[in-house]
Amino acid sequence: MHGLINRSIQSFLRDTYGDALWAAVAQECGVARSGFEAMLSYDLALTETLLAAASRHLDKPRAALLEDYGAHLASIEPVRRLLRFGGIDYPDFLQSLDELPGRARMAVEDLILPDVDLRPGAAGRFAIVLRNGWDGFSYALAGVLRTMADDYGALALIDVAPDGSTLRIDLLDESFAEGREFRLAAGAA
Amino acid sequence: MDGVPPDVTYGLRGDVLTRLMPMAAVVSPSGHIRVAGPTLSRLHAGVPLTGARFLEVFGLIRPGPVSSMAALAALAGRRLLFQMRNPAATPLRGHVLPLEPASLAGGGLAAGGLAAGGLAEGGLIVNLSFGISAPGAVRDHALTHADFAPTDLTVELLYLSEAKAAVTEEMKALNRRLHEAHQDAAQRALTDPLTGLGNRRAFDEALLRTIAAARRGVPFALLHLDLDHFKAVNDTLGHGAGDQVITAVAGMLKSETRAGDVAARVGGDEFAVILAGQRTASAIAGLCTRIIRHIERPIPCSEGTARISASIGVCLSPEGFELAPAALIAISDAALYESKRNGRGRCTIRPALRDQPDPDRETPPQG
């Protein structure tokens with residue numbers, strides 16, 4: 001598992017639940033308190049152990065924890081910006097999701113995300129099927145998509161189907177609210 | 001091209017043209033801008049481009065300046081570099097292609113701004129883009145997604161540029177952390193954990209450096225100190241007290257030696273010191289006496305009071321002289337052995353060089 005993922009889970013736990021929770025979970029999993037290095041690689045089993053420990057401490061199911069993690073991830077400004085590049089508006093952003101694994105690899109060569117297969121349905125409904133990757137990404141992506149809906153000012157219902165790899169999106173209103181500003185040039189006033 | 005004859009002309013309305021190429025301009029044979037793409041117009045900060053003279057707004061930098069439309073037309077198909085004459089001096093990559101004048105009957109470019117009732121006049125079409133100056137230009141002119149055609153890769157370039165910057169920052173931070181960790185580890189490898197003095201490895205490295213300096217004319221002395229009656233402390237007061245005694249002795253050595261000297265713990269109750277620089281035998285003898293006296297003062301420990309002494313052997317190395325480390329250590333060891341043999345609690349000084357004037361061979365502590 002790429003260090004970026006582990007490190008972002010670490011930041012999510014620390015930012016949301018505090019240093020004490022992170023320290024307890026880290027110790028249980030044999031991770032140094034300083035945590036993970038974003039640019040190194042770790043065993044996937046360690047990520048699962050980490051999530052299991054956090055889930056136990058917080059009395060929260062793994063799926064819910066991962067969705068919250070995804071929502072938090074998309075709220076981190078540099079990540080939010082890189083995601084916003086994907087689309088002019090929310091429908092455009094959703095349509096560009098099959099490029100997501102390619103975009104991720106363009107940014108960080110060894111960050112491997114599952115294949116994304118977008119299937120439009122009737123009247124604003126979409127299904128997204130993830131394949132060939134860690135199943136945790138499905139729940140994380142659901143969280144990401146919820147945060148991005150807010151970011152673009154859209155109103156959408158998003159959940160993960162019982163199969164754990166299909167996301168169901170019901171786009172109710174693509175311009176429900178103003179949405180957050182996004183300037184193409186980084187560091188612009 | 002497959003099957004389509006190259007001389008077929010296509011009608012393209014000006015607004016279609018500029019949506020296809022938002023940074024294109026159609027220039028009349030007289031050099032006036034007839035049509036300008038919306039993004040190009042945004043670079044011109046609100047001043048309409050239509051009607052302006054192309055070569056007054058855009059200077060040709062490469063291959064070099066031109067002053068006529070004919071000269072510009074002669075560069076058709078070549079890769080050109082323009083610079084916009086706006087305050088930002090935006091560099092723009094581009095190419096020009098000729099537009100054929102079209103007959104009334106046929107198709108042709110029907111561009112806005114034609115003289116009323118005039119024929120489609122020909123001239124040049126210029127297409128421009130940012131190249132690697134894109135990030136700066138997008139920032140300077142607050143351009144958005146909508147300013148680029150869907151096929152344009154500028155947005156992809158900006159994404160890549162931003163992602164690369166983020167990754168580079170992370171790599172630099174990782175390198176810093178690794179470097180610090182490495183330095184910490186290297187430091188620990190050279191340090192005695194109990195006393196904080198250098199350990200045997202640190203001492204060996206320091207001795208090599210000192211010998212190299214001696215080659216360049218810096219004299220030094222090598223001091224080997226062994227505690228007397230230390231085993232009794234461990235036996236009667238315990239190892240906790242033993243550690244406290246060692247720590248106390250290390251402190252004494254630190255305070256009795258100068259900044260350029262190197263003190264190290266090289267064994268359980270053994271210390272070595274490199275005394276740098278010129279010192280007379282009697283100065284060294286005086287130093288050893290002070291050290292031994294200091295060590296002989298009762299040392300309070302949590303388990304009781306420790307009473308120890310020390311035996312010292314010194315090897316004096318004059319300037320310009322060089323012996324291998326092992327040989328120097330052997331001489332100071334032999335001097336130490338002599339101190340032990342002659343009753344302990346004393347210092348023996350030996351020259352490294354056989355025909356050095358022999359200092360006082362044995363200096364018992366005074367009083």
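Below, read A as the first sequence line, B as the second, and so on, with proteins coming before strands; counting in each chain starts at 1.
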Could you tell me which portion of B:Ala137 (side chain, backbone, both or neither) has an atom closer than 4.5 angstrom to a non-hydrogen atom of chain A?
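Contact with chain A: none, neither part.
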
At a 4.5 Å cut-off on heavy atoms, which part of B:Leu143 comes close to chain A: side chain, backbone, both, or neither?
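Only the backbone of B:Leu143 comes within 4.5 Å of chain A.
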
Heavy-atom count check: over 12 atoms from other residues, nucleotides or ligands less than 6.0 Å from [X] [atom1]?
X        : atom1 : answer
B:Lys164 : NZ    : no
A:Glu77  : CD    : yes
A:Phe176 : CZ    : no
B:Arg201 : CZ    : no
A:Glu109 : CD    : no

Taking all non-hydrogen atoms of both residues, which atom of [X] and which atom of [Y] are closest, and how far apart?
X        : Y        : value
B:His145 : A:Gly87  : CE1-O, 3.9 Å
B:Glu156 : A:Met106 : O-CE, 4.4 Å
A:Arg103 : B:Tyr159 : O-OH, 2.7 Å
B:Ala163 : A:Leu82  : N-CD2, 4.0 Å

Out of curiosity, [X] [atom1] to [Y] [atom2], how far, rounded to the nearest 0.5 Å?
X        : Y        : atom1 : atom2 : value
A:Glu37  : B:Met171 : CD    : CE    : 10.5 Å
A:Met39  : B:Arg177 : CE    : CZ    : 10.0 Å
B:Thr154 : A:Leu184 : OG1   : CG    : 9.5 Å

Report the C-alpha separation of B:Glu170 and A:Arg7 in whole Å, then their side-chain angles, then the decisive distance to 0.1 Å, and conclude whether the salt bridge (charged side-chain N to carboxylate O under 4.0 Å, His left out) test is met.
CA-CA 12 Å; B:Glu170 277 300 327; A:Arg7 229 280 291 278; 3.2 Å; yes

Is it the backbone or the side chain of A:Leu4 that comes under 4.5 Å from a heavy atom of chain B, or both, or neither?
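Contact with chain B involves no heavy atom of A:Leu4 at all.
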
Verify side chain to side chain contact (heavy atoms under 4.5 Å, CB included) between B:Arg139 and A:Arg183, making sure each step is shown before the conclusion.
CA-CA 8 Å; B:Arg139 185 177 46 247; A:Arg183 286 175 188 263; over 6 Å; no

